[in-house]
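This report concerns only the one structure given below.
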Amino acid sequence: MQNEVVPAARLGRYKGLPVMKRAIEPTESQIDEAMRALRYKESVWTDESGPAARSDWAMLDFAGFFPGGVPIPDSEAKGVEVTLGQGKMLPGVEDAICGHRAGETFDIPVTYPETFPLHSLAGRRVKFTITLHRVKRRRMPAADDGFAQRHGCRNMAELRKKLEQQELEKNKSIETRRIETLLLAQAGAEMQVDFPAGYLAEKAEQRVSAMEKDLIAGGQQPSVYYRLTGHDRAWHLQHAALEIEVDWRRRLAVQEIAKGEQLVVSDAEIDAELVRVSQGRANTKALKRETIAAALLTRKVQQLLAANAIYTE
């Protein structure tokens, strides 16, 4: 909040805030997905002699032709690598490749999109000749006891139980963060905050203007962006003002609750957190003590709110 006009604020209710708990027990489909993800990590690409399918890797040559066999300028390429189904090629091309085998050469009809950048091709129906050189498919290991044993379990039932516990811990962490974020927002909403006249509108104008400058720098006109998003400039100003107010209320709630509850962050806590967050990071210079301290203080306030909330299942 340095170099900012800090609005005057008075705490409202922050203990006994109502919040609804969500179920955290993992579903069967969640455990199935965790098992699939674990097998996917051990999957390998192998050559496929059968028909190509979506998600397969393919290496191919292609060339485009107008009706009558006239080549389309600059439409030929060799040794192209593509994962079928990702939509990197013209619409319909990747789906048309599916079903063909490595070694085949075949023709497929293609209609260029009406919005195609080259106007001479936009909307035109042409033909592409494809030579499919190679197809690979990602194959996952069998879900058997051998796979379970490689992951420290006696059998698949034990591995599934292990994954269930991991998913439970993950759900618990996500639910805790959701509740703490919600409670801090509620505490901010309960505050009385006196924003200077015109403050929110001024900050919103600065934010939207900065966004428009970024759009122009990237080659897009703000008017086009507004039309594509379906929201005009007035909507963006109103939305920005609301975001700025909510952000301020959260920050002020942390500040005032910490002051009232005498919550502080020690140097030892900052040092320990710096060690934790720096693990595995090549560049730790961006980690500032004041940023870490602010995050730890926010966490302490959120934990206090959660400990004093009124829960319903």
Side-chain angles (χ1 to χ4, degrees), residues 21-62 77-108 110 128-181 273 275-284:
K21 279 186 175 181
R22 294 177 178 172
I24 61 172
E25 290 75 16
T27 62
E28 290 299 313
S29 61
Q30 187 178 359
I31 301 170
D32 289 341
E33 178 57 27
M35 183 72 75
R36 192 205 68 81
L38 193 61
R39 292 172 61 209
Y40 186 85
K41 288 180 180 179
E42 294 187 16
S43 62
V44 294
W45 288 103
T46 59
D47 284 307
E48 175 59 45
S49 59
R54 290 176 70 86
S55 299
D56 285 350
W57 172 93
M59 185 174 71
L60 51 90
D61 301 340
F62 64 78
K78 295 183 181 296
V80 175
E81 298 180 10
V82 61
T83 300
L84 301 177
Q86 287 190 340
K88 302 295 185 182
M89 304 181 76
L90 287 169
V93 171
E94 293 171 30
D95 286 338
I97 293 172
C98 293
H100 291 279
R101 300 169 186 262
E104 289 186 22
T105 297
F106 49 93
D107 294 336
I108 57 174
V110 174
F128 270 80
T129 297
I130 307 287
T131 298
L132 188 55
H133 292 295
R134 196 174 183 185
V135 175
K136 286 186 177 183
R137 184 164 298 167
R138 187 186 286 275
R139 284 183 166 79
M140 297 192 292
D144 55 21
D145 289 347
F147 176 75
Q149 288 161 11
R150 291 198 298 276
H151 290 273
C153 300
R154 291 172 297 177
N155 50 44
M156 286 298 292
E158 188 174 300
L159 176 57
R160 190 172 182 85
K161 197 68 179 176
K162 178 181 178 181
L163 292 177
E164 181 181 4
Q165 185 60 35
Q166 289 176 356
E167 293 303 304
L168 177 63
E169 293 302 318
K170 185 190 302 181
N171 290 352
K172 188 184 299 183
S173 177
I174 292 172
E175 177 64 0
T176 297
R177 290 197 300 272
R178 184 192 71 84
I179 287 174
E180 291 177 349
T181 300
E273 185 67 3
V275 171
R276 188 188 70 82
V277 299
S278 64
Q279 291 176 351
R281 293 182 57 155
N283 180 17
T284 60

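Two residues are said to be in side-chain contact when any heavy atoms from C-beta on lie closer than 4.5 Å; Q149 and L159 fail this criterion. The shortest side-chain heavy-atom distance between M89 and L60 falls under the 4.5 Å cut-off. Two residues are said to be in side-chain contact when any heavy atoms from C-beta on lie closer than 4.5 Å; R22 and N171 fail this criterion. M35 places a side-chain heavy atom less than 4.5 Å from the side chain of F147. Side-chain atoms of F128 and V93, non-hydrogen and from C-beta on, never get closer than 4.5 Å to each other.
Summarising the geometry of R39 relative to P141, their closest heavy-atom pair is NE-O, 2.8 Å, with the distance given to 0.1 Å. The two residues M156 and A148 have their closest heavy-atom pair at N-CB, 3.7 Å. The shortest heavy-atom contact between A53 and L84 is O-CD1, 3.7 Å. Between P51 and R137, the shortest heavy-atom distance links the atoms O-NH2, 2.9 Å. When all heavy atoms of A34 and L163 are compared, the pair lying nearest together is C-CD1, 4.2 Å.
For the pair K162 (side chain) and G152 (backbone), a donor-acceptor distance under 3.5 Å is absent. Of the possible donor and acceptor atoms, one in the side chain of E94 sits under 3.5 Å from a partner among the backbone N and O of K88.
Atom OG1 in T131 sits 11.5 Å away from atom CZ in F62 (nearest 0.5 Å). The distance from the OG1 atom of T105 to the NE2 atom of H100 is 10.5 Å, given to the nearest 0.5 Å. In this structure, CG on L132 lies 9.5 Å from CG on D56, to the nearest 0.5 angstrom. Taken from CD in Q30 to CD in Q166, the straight-line distance is 11.5 Å, to the nearest 0.5 Å.
Comment: D47 does not engage R139 in a salt bridge, judged by the lack of any side-chain N to carboxylate O separation of less than 4.0 angstrom. The pair R160-E167 fails the salt-bridge criterion, with no side-chain N (NZ, NE, NH1 or NH2) lying under 4.0 Å from an Asp/Glu carboxylate O. Salt bridge E175/K172: absent, no basic N to carboxylate O contact under 4.0 Å. Taking a cutoff of 4.0 Å between a charged side-chain nitrogen and a carboxylate oxygen, R36 and E33 qualify as a salt bridge.
D61 pairs by the salt bridge (Lys or Arg N to Asp or Glu O under 4.0 Å) definition with nothing, not counting sequence neighbours.
Residue pairs meeting the ring-ring contact (aromatic ring centres under 6.0 Å, His included) criterion with at least one member in residues 29-54, sequence neighbours excluded, do not occur.
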**Request:** Apply the test side-chain contact (heavy atoms from CB on, under 4.5 Å) to residues E48 and W57: give CA-CA distance (whole Å), side-chain angles for both, the deciding distance (0.1 Å), then the verdict.
**Result:** CA-CA 9 Å; E48 175 59 45; W57 172 93; over 6 Å; no
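Test E169, K170, R177 against S173 for side chain to side chain donor-acceptor pair (under 3.5 Å) and you get one pass: R177.
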